[in-house]
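We name chains A, B, ... by the order of the sequence lines, and we start the count at 1 in each one. Keep in mind that what you see is a predicted model, and the values were worked out from it rather than measured.
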Number of protein chains: 2
Amino acid sequence: MLNTYGIHRAVAYNAVMKVENPTSRDIADIAGVSQATVSRALRNSPLVRPETRDRIQKIARELNYFVNRNAAGLRTHQSNTIALLMFDETGGDDAQINPFFLSMLGYITRSAAGMGYDVLASMQQLTDDWHVEYQASHRADGLILLGYGDYVAYRRKLDALAAANTRFIIYGAVAADQPGLSLGCDNVRGGHMATAHLLGLGRRRIAILGDISKRHPEFAARHDGYVAALDDAGLEHDESLRIFADNTEEDAYRAVRAFLDSGTGFDGLFAVTDMLAIGAMHALADAGRQVPQDVSVVGFDDLPRAAYVNPPLTTIQQNIREAGEGLVKTIVGLIEGEDVASSQLEPKLIVRQSCGAL
Amino acid sequence: MLNTYGIHRAVAYNAVMKVENPTSRDIADIAGVSQATVSRALRNSPLVRPETRDRIQKIARELNYFVNRNAAGLRTHQSNTIALLMFDETGGDDAQINPFFLSMLGYITRSAAGMGYDVLASMQQLTDDWHVEYQASHRADGLILLGYGDYVAYRRKLDALAAANTRFIIYGAVAADQPGLSLGCDNVRGGHMATAHLLGLGRRRIAILGDISKRHPEFAARHDGYVAALDDAGLEHDESLRIFADNTEEDAYRAVRAFLDSGTGFDGLFAVTDMLAIGAMHALADAGRQVPQDVSVVGFDDLPRAAYVNPPLTTIQQNIREAGEGLVKTIVGLIEGEDVASSQLEPKLIVRQSCGAL
DNA sequence: GCACCGTTTGACAGCGCTGTCCATTCAGGC
DNA sequence: GCCTGAATGGACAGCGCTGTCAAACGGTGC
């Protein structure tokens with residue numbers, strides 16, 4: 001390949017000859033215009049005459065030419081890429097990851113593509129500061145964090161990101177003094193809905209299942225909604241109806257079995273996630289309790305499987321599509337200098353057969 | 001920010017001052033070496049004295065400097081990125097996507113990270129030639145394709161990729177004359193294992209559930225294994241025991257209900273995926289058939305939920321971890337000019353309670 | 001003291017693109 | 001015919017890095 005201008009490799013182009021890894025200069029030589037004009041034409045600049053533009057674009061298409069993103073990115077100081085970081089703090093067992101994330105990933109990549117952005121995906125345990133690097137190295141213009149697991153453990157990261165001036169948005173976990181943008185479902189409202197539904201069916205002894213500590217702000221918020229609903233109904237909330245479980249099906253199973261063994265009476269159960277609800281329903285079934293007659297169960301998330309467990313699970317749906325699209329729209333807005341803010345999405349009660357009137 | 005050499009913005013550096021978006025030149029000025037030396041030091045070149053290297057790296061760390069990937073990529077003509085394209089041809093309902101993919105994604109991103117590569121994720125319906133662009137635009141050095149759905153529909157894409165000299169590897173779908181590299185589970189062997197297991201339990205009327213047409217080469221291969229196992233046992237395979245279903249739980253449910261209504265007798269069922277098996281088990285239960293007594297069921301994939309359905313599902317496990325890591329290792333090998341080849345992974349029979357002796 | 005050599009560093013070009021500034025062209029008005 | 005201004009395209013610099021080549025440096029042996 002000659003690169004001496006004037007004897008450029010593509011000058012001798014004709015309909016037959018193809019250039020192997022064409023650059024905009026090759027296209028320019030073939031089209032008989034300057035390289036700058038090619039650049040403009042391909043970005044649909046109004047500065048080039050439509051006929052010229054079309055001719056150039058046609059040649060580019062024929063030669064399978066695409067703008068070199070490294071060069072463009074170097075020049076413009078942006079990558080048109082957002083990094084999607086999935087924090088996996090459940091202990092590293094991939095098989096247990098909430099399939100919810102996969103749907104989200106789909107909506108995120110598609111709506112990012114629609115806005116001209118690529119998505120760099122990463123799933124890791126928390127190590128030191130790998131996440132700061134994405135923006136500093138110009139690989140991504142902004143970050144979306146899908147935190148899953150222990151909030152306390154990654155709160156430090158949020159502070160580090162904020163300190164490094166990184167543009168980021170976090171899904172779900174929202175604590176009052178948290179830096180950066182966030183988007184999540186209105187967990188308080190969701191918890192309220194779930195509990196109010198059980199109350200509406202005449203249930204009075206409603207247990208809550210999950211880790212509602214500060215480690216999981218979203219679960220804690222669901223608990224707040226639960227308490228508020230009880231309060232609205234004029235009921236005290238009974239601390240003995242709190243069942244702790246890590247967010248896995250197995251742990252929920254164990255916890256509910258143990259709770260049943262303890263003999264505490266209850267007629268309703270609000271599990272802070274569907275995975276927990278499903279584990280709980282197995283435990284109830286294995287202990288000979290009828291769902292929904294003896295105990296009515298409400299979950300949270302509306303996993304695909306929620307509709308197929310036995311009985312089908314009443315749950316609170318997070319609008320995954322809105323969430324994914326909202327995350328992208330917000331982070332892109334932040335990148336492009338618009339005025340954006342954190343927001344919450346409305347949860348929705350999905351009624352199925354795991355709840356019944358007393 | 002002054003960029004005139006000699007009055008460079010970072011020249012006046014002292015322990016307190018920090019540069020905002022440092023470049024290697026800033027580091028050089030501060031360290032009192034040339035920019036080239038900084039570049040070398042950060043890549044651990046043996047050409048720089050260890051003390052100099054350490055000093056430079058320390059400064060870089062302090063200033064939160066990271067190599068600009070666009071600039072490096074422009075210079076070296078590579079991006080150290082692989083694109084992961086998830087073909088979604090199931091009709092676009094994200095909720096039904098196989099959670100299998102999510103685990104895979106985890107292994108892929110982690111092993112890519114371990115080899116110094118980032119992963120660009122994309123989930124799309126098939127459009128024209130978007131996937132060719134990744135390499136041509138220097139956004140990715142190679143592609144991993146996780147095809148899901150209709151093979152016929154994306155076979156055209158594989159040919160286009162091959163024609164454009166794109167480096168790619170496809171997971172799962174393997175047809176004899178297919179271009180490019182592939183890695184998948186040995187589906188014939190898996191189908192054989194599943195069927196042989198049922199035969200070993202005394203089952204003789206074994207139905208097969210799924211779309212085993214050429215649209216799904218991996219399912220067709222599982223069917224081949226099924227036929228081979230029957231053959232090994234001296235049994236004819238009975239075409240009336242083929243139950244067609246799209247790869248969703250609901251469709252499997254409907255198909256099996258219809259099959260039961262048709263009155264064809266059977267005592268074993270090999271579902272070509274776990275999702276199908278789960279739908280089938282619901283259908284059997286709702287029709288009053290006992291699993292495993294009346295009908296023993298084997299699935300394929302070993303989804304996380306397979307262990308938690310009722311009864312727990314006997315299935316063929318694809319080693320997702322090996323698969324994810326193998327895909328990355330192979331595509332990186334291809335990118336870096338090593339001698340790599342397509343390969344198949346050994347499936348494994350996971351025995352649970354959905355099968356029993358007759 | 002000097003030529004020689006290995007080690008370490010610096011100077012420099014240029015990867016392919018975009019944005020700025022300048023040159024050319026042409027239509028229309030005088 | 002000449003001037004003006006809009007429309008169109010070209011020249012050029014430089015984004016931040018890496019690889020090549022050459023220079024400087026500090027021993028070593030004669």
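Positionally, the nearest nucleotide of DNA chain D for Val48(A) lies more toward the 5' end than for the other of Gln35(B) and Val48(A).
Going from atom CG of Leu74(A) over to atom C1' of dG14(C) covers 12 Å, rounded to whole Å. Rounded to an integer number of Å, the gap from CG of Asp26(B) to P of dG16(D) is 9 Å. Going from atom NE2 of His77(A) over to atom P of dC17(C) covers 17 Å, rounded to whole Å. The CZ-P distance, from Arg55(B) to dT8(C), rounds to 14 Å in whole Å. Rounded to a whole Å, the CZ atom of Arg49(B) is 14 Å from the C1' atom of dG6(C). The separation between Asn68(A) atom CG and dC15(D) atom P is 18 Å, rounded to whole Å. One can place CD of Glu51(A) at 14 Å from C1' of dG9(D), the figure rounded to the nearest angstrom. Asn70(A) has its CG atom 14 Å from the P atom of dC15(C), to the nearest Å.
Under the 3.5 Å distance criterion, with hydrogens and angles disregarded, no donor-acceptor pair is assigned to the side chains of Asn70(A) and Gln78(B).
With salt bridges taken as basic N to acidic carboxylate O contacts below 4.0 Å, none links Lys58(B) and Asp54(B). Between Asp118(B) and Arg139(B) there is no salt bridge, since no side-chain N of the basic residue sits under 4.0 Å from a carboxylate O of the acidic one.
Nearest heavy atoms, Ala164(A) versus Val132(A): CB-CG1, 3.7 Å.
Side chains of Leu161(A) and Pro179(A) form no contact here, defined as non-hydrogen atoms less than 4.5 Å apart.
Using a 4.0 Å heavy-atom criterion, one finds that Arg40(A) contacts the bases of the nucleic acid, with or without backbone contacts as well. At the heavy-atom level, Ser24(A) lies under 4.0 Å from the strands shown only through sugar-phosphate atoms. Within 4.0 Å of Ser39(A), counting heavy atoms only, lies at least one base atom of the nucleic acid. Across all strands, Ala36(A) comes closer than 4.0 Å to base atoms (heavy-atom distances).
Distances shown here put a side-chain N or O of Thr52(A) below 4.0 Å from the OP1 or OP2 atom of dG9(D). Residue Ser34(A) places at least one side-chain N or O under 4.0 Å from the OP1 or OP2 atom of dG10(D). Distances shown here put every side-chain N or O of Thr23(A) at or beyond 4.0 Å from the OP1 or OP2 atom of dG16(C).
Here the nucleotide nearest the side chain of Leu47(B), chosen from dT8(C), dA11(C), dA11(D), is dT8(C).
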